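A short worksheet on the structure shown next.
No experiment lies behind these values; they were computed from the predicted model shown. Side chains are part of it too, since the values below use all heavy atoms of this structure and drop only hydrogens, waters and symmetry mates.
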Amino acid sequence: MPPAADPDLQPEVLHDTVLGWYADHARDLAWRRPGASAWGVVVSEFMLQQTPVARVLPVWETWMERWPTPADLAAEPSGEAVRAWGRLGYPRRALRLHAAATAVVEEHGGAVPSSYAELIALPGVGDYTAAAVASFAFGQRHVVLDTNVRRVHARVLGGVEFPAAAPTRAERDRAAALLPDDEAEAATWAVAVMELGALVCTARAPACERCPVADLCRWRAAGYPAYDGPPRKVQDYAGTDRQCRGRLLAVLRDSEGPVHRSRLDAAWHLDDQRERCLASLLADGLVVATGPATYALP
DNA sequence: GAGGCGTGGGA
DNA sequence: TTCCCAAGCCT
C-alpha cells in the first residue's frame, strides 16, 4: 500500500480513533437510548437548536411524557407547546415543532418520515436537523454539519481555530469526503464528531490533553495560531426587542388564561418598543388577541 | 446573505 | 461584572 500524501489524515485512522473514543465517552442522553423514538430525536433536535443540553434535558423529559407521539402534540393548541417550551428560548421553535407534528400527522400518517427530503420539508427543519434526524434516528449516511462538527473540522483538518460564519462549499465537500462509506458507521461517526466537539474540542477552552486526535490535529501542529478571520459577531440582548418579546411572552406563559393589556404594560417600560414587540408576537402567531384589550397564547 | 430571534451559565 | 456562546432556521 503506497504512502498517502498526508499520512496524518488517513480517514480510517480518524474514524477508528474517534469512534473508539465515542464508544468510551459518549454521554447517556435520553434521546440516544435504544428505546428512544424518532419523534423523541426530532423533539431533542428542535430543543437543541441554540440551547445547551443541560437545559434541554428536563424539558425533553416532561415533553415526551406528555406528548409521546406527534399526534399527541398535534391534538393540542399550539399555545400549549409554547407554554411547555418554558424558558428554552427562541419560542418560535415551539410553534414550528407543533406545526411539524401536525404535518407529520396530516402528510405522513403520524410517523416521522425517514428521508432527508421529507424531513427538511417540515417546518423548522433545516439542513442540519434533517441530516441529524435521518442519521441519528434512522441510521442513514449524511453529512451532519453543526457548530461542533464545523469547529472540529476547522481545527483538525483546516488548522484554524474557528470555521467561517456560515458553512462553505469547501467545508461541505471536506466533510463529505471524510464520511465513512458504511451507512451505520457514518451515522455513528456523525454523532461521535459532534460529541467530540461538545465535550473536548470546545469553543473557548479545548481540552487537547483529553483529545483522541490531538496528534493528528493540524491546528495543534501549527502551534494553535490565533483566529484571524472576520470578527465573530455577538448578539446584544439587554434592551433589545428579543428581551422585550421574552418579557411579554413570559407574562402569558405564566398565566392560566387571557391577560389584560395592563399586565403587559407593566412588563416593559418603553411604550413604543412594547407595542412593536406585541405586534410582532401577534404576527408570529406566538400571541393571539382574545378581546379588545386581552391577549393569550394561541 | 446578513440580521433577527431567548435565555442562562461558565470563564 | 462582562463577555461569549449553546446540536439553527427563516426571511
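- Whole-Å rounding puts the A:Arg276 CZ to B:dC5 C1' distance at 14 Å.
- In this structure, the nucleotide among B:dT7, C:dG8, C:dA7 sitting nearest to the side chain of A:Val53 is C:dA7.
- What separates CG of A:Leu286 from C1' of C:dC10 is a distance of 14 Å, to the nearest Å.
- A:Thr69 and A:Asp72 share a side-chain donor-acceptor pair at under 3.5 Å.
- Taking side-chain N and O atoms only, A:Gln50 has a distance below 4.0 Å to OP1 or OP2 of C:dG8.
- C:dC10 and B:dG8 have their P atoms separated by 24 Å, with the value rounded to a whole Å.
- Nearest to the side chain of A:Arg87, among B:dT7, B:dC5, C:dA7, sits B:dT7.
- Within the nucleic acid shown, A:Asp127 comes within 4.0 Å of sugar-phosphate atoms alone, with no base atom in reach, counting heavy atoms only.
- Separating the CG atom of A:Leu281 from the P atom of B:dC5 is a distance of 10 Å, rounded to the nearest angstrom.
- Rounded to whole angstrom, the span from the CG atom of A:Leu95 across to the P atom of B:dC5 amounts to 15 Å.
- For A:Trp268, there are no ring-ring contact (aromatic ring centres under 6.0 Å, His included) partners at least two apart in sequence or on another chain.
- Distance A:Glu171 CD to C:dG8 P: 13 Å, rounded to the nearest Å.
- Comparing A:Arg96 and A:Pro52 against DNA chain B, the residue whose closest nucleotide sits nearer the 5' end is A:Arg96.
- Residue-level contact check: A:Arg151 touches the backbone only, with heavy atoms under 4.0 Å from sugar-phosphate atoms and none from bases.
- Checked by distance alone, A:Arg204 brings a side-chain donor or acceptor within 3.5 Å of a matching partner on the base of C:dC4.
- At the heavy-atom level, A:Thr51 lies under 4.0 Å from base atoms of the strands shown.
- For the C1' atoms, the distance from B:dA2 to C:dA7 is 22 Å, rounded to whole Å.
- Rounded to a whole Å, the OH atom of A:Tyr90 is 14 Å from the P atom of B:dG3.
- Distances from the side chain of A:Gln49 to the nucleotides C:dA6, C:dC9, C:dA7 place C:dC9 closest.
- Distance CG (A:Leu196) to C1' (C:dA7): 14 Å, rounded to an integer number of Å.
- A:Glu171 and A:Arg174 are not joined by a salt bridge, as no carboxylate oxygen comes within less than 4.0 angstrom of a charged side-chain nitrogen.
- Atom OH in A:Tyr128 sits about 13 Å away from atom P in C:dA6, given to the nearest Å.
- Counted by atom type alone, A:Tyr128 and A:Gln49 present zero donor-acceptor pairs between their side chains at under 3.5 Å.
- A search for ring-ring contact (aromatic ring centres under 6.0 Å, His included) contacts involving A:Trp63 returns A:Trp67, A:Trp85, not counting sequence neighbours.
- Nucleic acid contact class of A:Trp85 (heavy atoms, under 4.0 Å, all strands): none.
- The listed nucleotides are C:dC9, C:dA7, C:dC5; the one nearest the side chain of A:Ala203 is C:dC5.
- When each of A:Leu122 and A:Arg27 is assigned the nucleotide of DNA chain C with its nearest heavy atom, A:Arg27 is the one assigned upstream, toward the 5' end.
- Contact check of residues 231-269 of chain A against DNA chain B (heavy atom, cut-off under 4.0 Å) returns A:Gln235, A:Tyr237, A:Asp241, A:Arg242, A:Arg245, A:Gly246, A:Arg253.
- Between A:Leu145 and A:Arg150 the shortest heavy-atom distance is CG-CG, 3.7 Å.
- A:Gln50 and A:Arg93 form no side-chain donor-acceptor contact under 3.5 Å, judged by distance and modelled atom types alone.
- Ranked by how close their nearest DNA chain B nucleotide is to the 5' end, A:Pro91 and A:Ala205 are led by A:Pro91.
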Before you tell me yes or no, could you show the steps for A:Asp127 and A:Arg172 under side-chain contact (heavy atoms from CB on, under 4.5 Å), namely the whole-Å CA-CA distance, both residues' side-chain angles and the distance that decides it to 0.1 Å? CA-CA 12 Å; A:Asp127 170 70; A:Arg172 208 160 269 296; 3.3 Å; yes

